[in-house]
Colleague: 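Okay, handing you the structure first.
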Amino acid sequence: MSKKTSATHIDRRGFVKIVITFLGTIMGVVIGLPGISYFISPALKAEKKDDWIPAGELESYPLGTPTLFNFTQTKMNGWERSSQSYGVYVLREDEKKITAFSNVCTHLSCRVSWKEDEKAYLCPCHDAAFDIQGEVIHGPPPHPLDEYQTKIEDGTLYIHLQEG
Amino acid sequence: MENAFKWLDERLGLNEIYAEVLDRQVPKVNWWFTLGSASLFLAIMQGVTGIFLTIYYVPSPDHAYDSINYIMNGVQFGWLIRGIHHWGASLLVVTVFIHLLRVFFYGAYKYPREFTWVTGVVLFLLTLGMGFTGYLLPWNQRSFWATMVGTEIAGTAPGVGGFILRVLRGGTDLSAVTLARFFSMHIWILPAVAMLTVGTHLYLVIRLGISHIPGEDE
Ligand code: HEM
Ligand code: FES
């Protein structure tokens with residue numbers, strides 16, 4: 001071993017430690033950061049949906065009674081194609097005024113159903129009720145039922161599905 | 001910080017471990033002696049990237065291929081993680097084998113290191129086993145037929161061949177059962193055995209020290 005020649009002299013061990021720390025950090029970052037991104041990337045994909053769903057002839061919906069229309073949409077979750085079903089209550093009050101409510105309870109996403117004799121949408125999960133305009137009558141839901149935009153073209157009703 | 005370390009060191013003996021493991025006396029050696037450490041490093045990389053792959057990979061015939069496709073095309077840096085695991089596997093086999101050759105040609109397997117050699121041979125076989133079981137997992141044409149051939153070869157062993165083939169495949173056919181058990185071997189059984197064996201191997205290397213390069217008269 002040669003004697004220390006100056007204050008900045010580093011010995012073999014010191015050098016090896018520095019090189020290992022340096023290379024180790026680089027490798028850690030090169031694998032670590034992509035690793036994090038690899039893990040969270042499915043969460044970052046904002047899935048956008050913007051579709052007009054045909055919901056049949058307007059005339060087929062009775063006046064004054066909410067009527068359920070069901071449709072399904074397929075989508076890819078990773079490597080799996082799965083279909084998701086949607087329920088829309090269409091309320092036709094007169095020729096002009098049409099409202100389309102989502103049947104998803106605004107509390108914790110159970111499905112509500114219209115009970116004609118009680119004139120209310122009832123949610124089975126935590127005993128909530130919404131009136132015919134979607135307003136909360138009682139129960140835990142924090143706000144009224146969600147509404148879909150609608151349009152009518154050539155006598156066909158369309159529902160605007162927007163997500164993400 | 002310094003005090004916290006002192007406190008821990010007094011109880012855990014960290015400095016002693018460091019001195020025993022990394023500040024060992026070694027003879028003057030050459031680059032061939034780095035291959036064991038290189039094998040260890042590559043094996044750890046395989047472990048890390050392999051764990052990452054299991055986040056998305058599904059060992060079932062109806063999803064294996066698609067899940068790998070998703071890793072390659074649907075996930076950020078999936079190509080990198082899988083690429084490292086894919087190429088690292090071959091590199092590990094090569095590195096371990098050259099390490100074995102170095103030990104052989106330097107006569108480093110001799111007394112008192114015979115058992116180190118034996119654990120090394122086990123590690124080499126485990127490395128090949130990891131390669132064999134991992135190759136089936138993508139469930140593409142190549143991996144399917146490679147495993148068909150590999151298990152058929154095992155089946156040609158006299159007497160017990162048919163039995164070995166059925167144990168490997170989990171039945172007579174190469175099926176969903178084969179895929180599931182290859183996966184289990186690949187991620188649980190072989191790595192667990194390999195970790196124990198590496199532990200023993202390194203314990204022996206540290207306990208016995210490294211052999212020197214043989215001189216001309218040896
Ligand atoms: C995953 C596989 C393996 C790992 C991680 C590994 C690791 C190591 C390490 C770090 C050393 C220290 C010296 C050096 O690097 O040359 C070593 C030495 C040794 N290895 Fe391995 N090894 C593996 C496979 C094998 C194989 C396949 C054999 C032989 C069949 C083997 C036989 C030995 C022997 C006999 C020594 C002592 C050499 C000496 O004292 O000069 N190892 N191993
Ligand atoms: S989910 Fe409907 S009341 Fe709780």
Side-chain angles (χ1 to χ4, degrees), chain A residues 1-51 72-86 161-164, chain B residues 15 18-19 21-26 28-29 31 33-34 37-38 40-88 91 137-140:
Chain A
M1 270 275 169
S2 61
K3 273 201 175 159
K4 274 197 178 179
T5 49
S6 75
T8 55
H9 177 89
I10 51 168
D11 59 10
R12 188 191 278 250
R13 279 161 184 256
F15 177 73
V16 168
K17 274 182 194 163
I18 290 169
V19 169
I20 287 180
T21 315
F22 182 70
L23 290 181
T25 310
I26 291 181
M27 283 190 275
V29 169
V30 165
I31 297 298
L33 292 185
I36 293 170
S37 149
Y38 171 86
F39 184 68
I40 65 173
S41 75
L44 301 179
K45 258 178 233 154
E47 289 192 38
K48 284 233 159 62
K49 261 211 175 115
D50 195 341
D51 259 339
T72 55
Q73 289 269 299
T74 53
K75 79 180 218 199
M76 289 298 283
N77 283 313
W79 51 88
E80 191 193 38
R81 180 179 298 283
S82 60
S83 56
Q84 211 167 340
S85 55
Y86 295 80
L161 179 63
Q162 245 180 331
E163 277 174 12
Chain B
N15 272 326
Y18 179 86
V21 174
L22 292 172
D23 275 350
R24 287 174 284 131
Q25 296 279 327
V26 290
K28 178 131 184 63
V29 293
W31 282 96
F33 286 71
T34 59
S37 304
L40 182 62
F41 174 78
L42 286 172
I44 292 171
M45 287 296 278
Q46 292 301 98
V48 171
T49 52
I51 288 171
F52 270 114
L53 289 174
T54 65
I55 295 171
Y56 299 110
Y57 176 75
V58 179
S60 120
D62 28 350
H63 290 309
Y65 184 83
D66 290 337
S67 66
I68 295 228
N69 216 10
Y70 181 67
I71 290 172
M72 295 303 281
N73 301 312
V75 177
Q76 280 168 25
F77 293 109
W79 58 271
L80 180 66
I81 305 287
R82 183 172 179 227
I84 294 174
H85 200 76
H86 178 99
W87 294 104
L91 195 56
L137 303 183
W139 203 250
N140 54 30

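Each chain gets a letter, A, B and so on, in the order the sequences are listed, and its residues count up from 1.
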Colleague: Donor-acceptor pair, distance only, cut-off 3.5 Å: does the side chain of A/Y38 make one with the backbone of B/I81?
Modeller: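 Pair absent, no side-chain N/O of A/Y38 close to backbone of B/I81.
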Colleague: Please flag which part of B/I84 lies under 4.5 Å from any non-hydrogen atom of chain A: side chain, backbone, both or neither.
Modeller: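 For B/I84, side-chain heavy atoms alone lie under 4.5 Å from chain A.
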Colleague: Counting only non-hydrogen atoms closer than 4.5 Å, can you tell me which residues of residues 75-82 of chain A sit against chain B?
Modeller: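 Residues in range: A/G78, A/W79, A/E80.
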Colleague: Has A/F39 got more than 12 heavy atoms of other residues, nucleotides or ligands less than 6.0 Å from its CZ?
Modeller: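 Check fails, neighbour count at 12 or below.
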Colleague: Which bit of B/L22 is near chain A, if near means a heavy-atom gap under 4.5 Å: side chain, backbone, both or neither?
Modeller: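 B/L22 has no heavy atom closer than 4.5 Å to chain A.
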Colleague: Given that the side chain runs from C-beta out, which part of B/Y70 has a heavy atom under 4.5 Å from chain A: side chain, backbone, both or neither?
Modeller: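 Side chain only.
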Colleague: Is A/V16 close to chain B through its backbone or its side chain, or both, or neither, when contacts mean heavy atoms under 4.5 Å?
Modeller: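 Neither part; nothing is under 4.5 Å.
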Colleague: Looking only at atom types and distance, does a side-chain atom of B/S67 sit under 3.5 Å from a main-chain N or O of B/V58, one as donor and one as acceptor?
Modeller: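 Pair found, side chain donor or acceptor close to backbone of B/V58.
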Colleague: Holding to side chain to side chain donor-acceptor pair (under 3.5 Å), I want the full list of residues that pass it with B/D62, two or more places apart in sequence or in another chain.
Modeller: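 Scan of B/D62 (side chain to side chain donor-acceptor pair (under 3.5 Å), adjacent residues dropped) gives B/S60.
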Colleague: So for B/Y65, is it side chain, backbone, both, or neither that comes closer than 4.5 Å to the heavy atoms of chain A?
Modeller: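 Neither part, no heavy atoms under 4.5 Å.
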Colleague: Could you work out, with side chain to side chain donor-acceptor pair (under 3.5 Å) as the rule, every residue matching B/Y18, not counting sequence neighbours?
Modeller: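 Checked B/Y18 against side chain to side chain donor-acceptor pair (under 3.5 Å); zero matches.
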Colleague: List for me each residue that meets side chain to side chain donor-acceptor pair (under 3.5 Å) alongside B/Q76, sequence neighbours excluded, and say none if there are none.
Modeller: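 B/Q76: side chain to side chain donor-acceptor pair (under 3.5 Å) contacts with A/S37.
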Colleague: So, does B/R24 use its side chain to make a donor-acceptor pair with the main chain of B/V21 at under 3.5 Å?
Modeller: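 Such a contact is found between B/R24 side chain and B/V21 backbone.
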Colleague: For B/H85, is there any backbone N or O sitting under 3.5 Å from a side-chain donor or acceptor partner on B/Q46?
Modeller: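 Yes, the answer is positive, given that a donor and an acceptor are paired below the 3.5 Å cut-off.
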